[in-house]
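Everything on this sheet refers to the single structure shown next.
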Amino acid sequence: MDHVQRLEDASVYILREAYARYPRIALLWSMGKDSTVLVWLARKAFFGKIPFPIIHIDTTYKFPEMYRFRDEYAQRWGLQVLVSRNEQALQAQMKPQQGHFTCCDALKTHALQQ
(Lines give C-alpha, C1' and ligand atoms only; values in the text may rest on other atoms or scores of the structure.)
Protein backbone atom coordinates (compact mmCIF):
# COMPACT_ATOMS: atom_id res chain seq x y z
CA MET A 1 0.00 0.00 0.00
CA ASP A 2 1.45 3.35 -0.99
CA HIS A 3 1.52 6.54 1.06
CA VAL A 4 -1.43 8.17 -0.73
CA GLN A 5 -3.62 5.08 -0.24
CA ARG A 6 -2.83 5.07 3.49
CA LEU A 7 -3.79 8.74 3.74
CA GLU A 8 -7.03 8.11 1.86
CA ASP A 9 -7.89 5.13 4.07
CA ALA A 10 -7.18 7.18 7.20
CA SER A 11 -9.39 10.00 5.90
CA VAL A 12 -12.27 7.61 5.20
CA TYR A 13 -11.90 6.14 8.70
CA ILE A 14 -11.90 9.62 10.31
CA LEU A 15 -15.02 10.68 8.40
CA ARG A 16 -16.89 7.53 9.46
CA GLU A 17 -15.82 7.90 13.08
CA ALA A 18 -16.78 11.57 13.16
CA TYR A 19 -20.25 10.77 11.84
CA ALA A 20 -20.67 7.89 14.28
CA ARG A 21 -19.81 10.15 17.22
CA TYR A 22 -21.44 13.37 16.03
CA PRO A 23 -24.50 12.60 13.90
CA ARG A 24 -25.34 16.30 13.46
CA ILE A 25 -22.22 17.18 11.50
CA ALA A 26 -21.90 18.95 8.18
CA LEU A 27 -19.12 19.49 5.70
CA LEU A 28 -18.10 22.90 4.37
CA TRP A 29 -17.64 23.05 0.59
CA SER A 30 -16.04 26.13 -0.92
CA MET A 31 -15.84 24.34 -4.28
CA GLY A 32 -12.07 24.69 -4.20
CA LYS A 33 -9.81 21.72 -4.80
CA ASP A 34 -9.26 20.87 -1.13
CA SER A 35 -12.89 20.88 -0.09
CA THR A 36 -13.94 19.08 -3.28
CA VAL A 37 -11.48 16.30 -2.41
CA LEU A 38 -13.05 16.19 1.04
CA VAL A 39 -16.52 15.78 -0.50
CA TRP A 40 -15.14 13.01 -2.72
CA LEU A 41 -13.63 11.28 0.33
CA ALA A 42 -16.93 11.58 2.20
CA ARG A 43 -18.72 9.97 -0.74
CA LYS A 44 -16.20 7.15 -0.63
CA ALA A 45 -16.61 6.79 3.15
CA PHE A 46 -20.38 6.42 2.86
CA PHE A 47 -20.55 4.37 -0.34
CA GLY A 48 -21.63 7.25 -2.56
CA LYS A 49 -24.35 8.73 -0.32
CA ILE A 50 -23.18 11.32 2.21
CA PRO A 51 -25.60 11.13 5.18
CA PHE A 52 -25.09 14.71 6.32
CA PRO A 53 -25.46 18.13 4.70
CA ILE A 54 -22.84 19.95 2.70
CA ILE A 55 -22.70 23.68 3.43
CA HIS A 56 -21.62 26.27 0.89
CA ILE A 57 -21.04 29.75 2.30
CA ASP A 58 -21.88 31.93 -0.69
CA THR A 59 -20.26 35.34 -0.90
CA THR A 60 -21.71 35.77 -4.42
CA TYR A 61 -18.17 36.49 -5.66
CA LYS A 62 -17.52 33.15 -7.38
CA PHE A 63 -17.30 32.74 -11.13
CA PRO A 64 -20.59 31.62 -12.72
CA GLU A 65 -18.88 28.38 -13.76
CA MET A 66 -18.29 27.53 -10.10
CA TYR A 67 -21.98 27.83 -9.29
CA ARG A 68 -22.79 25.61 -12.26
CA PHE A 69 -20.16 23.12 -11.02
CA ARG A 70 -21.71 23.14 -7.53
CA ASP A 71 -25.23 22.62 -8.78
CA GLU A 72 -24.28 19.97 -11.33
CA TYR A 73 -22.23 17.89 -8.91
CA ALA A 74 -24.70 18.33 -6.06
CA GLN A 75 -27.32 16.77 -8.31
CA ARG A 76 -25.00 14.15 -9.82
CA TRP A 77 -23.71 13.04 -6.41
CA GLY A 78 -27.04 13.37 -4.58
CA LEU A 79 -25.70 15.94 -2.12
CA GLN A 80 -27.87 17.80 0.34
CA VAL A 81 -26.30 21.23 -0.21
CA LEU A 82 -27.29 24.05 2.11
CA VAL A 83 -26.33 27.45 0.71
CA SER A 84 -25.85 30.17 3.29
CA ARG A 85 -25.46 33.87 2.58
CA ASN A 86 -25.37 36.87 4.83
CA GLU A 87 -28.19 38.64 3.01
CA GLN A 88 -27.96 41.69 5.26
CA ALA A 89 -24.29 42.25 4.35
CA LEU A 90 -25.00 41.64 0.67
CA GLN A 91 -27.87 44.14 0.72
CA ALA A 92 -25.48 46.63 2.32
CA GLN A 93 -23.22 45.97 -0.70
CA MET A 94 -20.32 44.61 1.34
CA LYS A 95 -17.28 44.38 -0.95
CA PRO A 96 -13.65 43.25 -0.53
CA GLN A 97 -12.57 46.86 -1.18
CA GLN A 98 -14.01 47.73 2.23
CA GLY A 99 -11.26 45.67 3.82
CA HIS A 100 -10.54 42.01 3.35
CA PHE A 101 -11.09 41.05 7.00
CA THR A 102 -14.29 43.07 7.35
CA CYS A 103 -15.71 41.66 4.14
CA CYS A 104 -14.78 38.03 4.86
CA ASP A 105 -16.03 38.30 8.41
CA ALA A 106 -19.39 39.61 7.23
CA LEU A 107 -19.82 37.40 4.17
CA LYS A 108 -18.32 34.16 5.47
CA THR A 109 -18.14 34.03 9.28
CA HIS A 110 -21.50 35.66 9.91
CA ALA A 111 -23.14 33.60 7.16
CA LEU A 112 -21.84 30.44 8.81
CA GLN A 113 -23.07 31.54 12.23
CA GLN A 114 -26.53 32.23 10.83
Test of understanding: clusters of I, L, V, M, F, W, Y form through side-chain heavy atoms closer than 4.5 Å, transitively. Do [X] and [Y] belong to the same one?
X	Y	value
Leu90	Leu112	no
Val12	Phe47	no
Val83	Phe63	yes
Val37	Tyr73	yes

For residues 59-70, which residue pairs pass the salt bridge (Lys or Arg N to Asp or Glu O under 4.0 Å) check, not counting sequence neighbours?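 Counting only pairs at least two positions apart or across chains, the salt bridge (Lys or Arg N to Asp or Glu O under 4.0 Å) contacts touching residues 59-70 are Glu65-Arg68.
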Using a cut-off of 6.0 Å, state whether more than 12 heavy atoms not belonging to [X] lie near its atom [atom1].
X	atom1	value
Arg24	CZ	no
Phe69	CZ	yes
Gln114	CD	yes
Tyr22	OH	no

What's the spacing between [X] [atom1] and [Y] [atom2] if we round to 0.5 Å?
X	Y	atom1	atom2	answer
Ile57	Leu82	CD1	CG	9.5 Å
Asp2	Glu8	CG	CD	9.5 Å
Leu41	Leu15	CG	CG	6.5 Å
Met66	Asp58	CE	CG	10.5 Å
His110	Glu87	NE2	CD	15.0 Å

Are [X] and [Y] packed together at the side-chain level, in the sense that at least one heavy-atom pair is separated by less than 4.5 angstrom?
X	Y	answer
Leu107	Tyr61	yes
Asp71	Gln75	no
Tyr67	His56	yes

Donor-acceptor check, side chain of [X] to backbone of [Y], threshold 3.5 angstrom: yes or no?
X	Y	answer
Arg16	Ala45	yes
Asn86	Ala106	yes
Ser35	Ser30	yes

With sequence neighbours left out, what residues match Phe46 under ring-ring contact (aromatic ring centres under 6.0 Å, His included)?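 If we apply the ring-ring contact (aromatic ring centres under 6.0 Å, His included) test to Phe46, skipping adjacent residues, the hits are Tyr19, Phe52.
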Minimum heavy-atom separation for Leu27 and Ala42, please, with both atom names.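 Taking Leu27 first and Ala42 second, the nearest heavy atoms are CD1-CB, 4.0 Å.
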Just to verify, what does Leu79 make a side chain to side chain contact (heavy atoms under 4.5 Å, CB included) with, not counting sequence neighbours?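 By the side chain to side chain contact (heavy atoms under 4.5 Å, CB included) rule, Leu79 matches Trp29, Val39, Ile50, Ile54, Ala74, Trp77, Val81.
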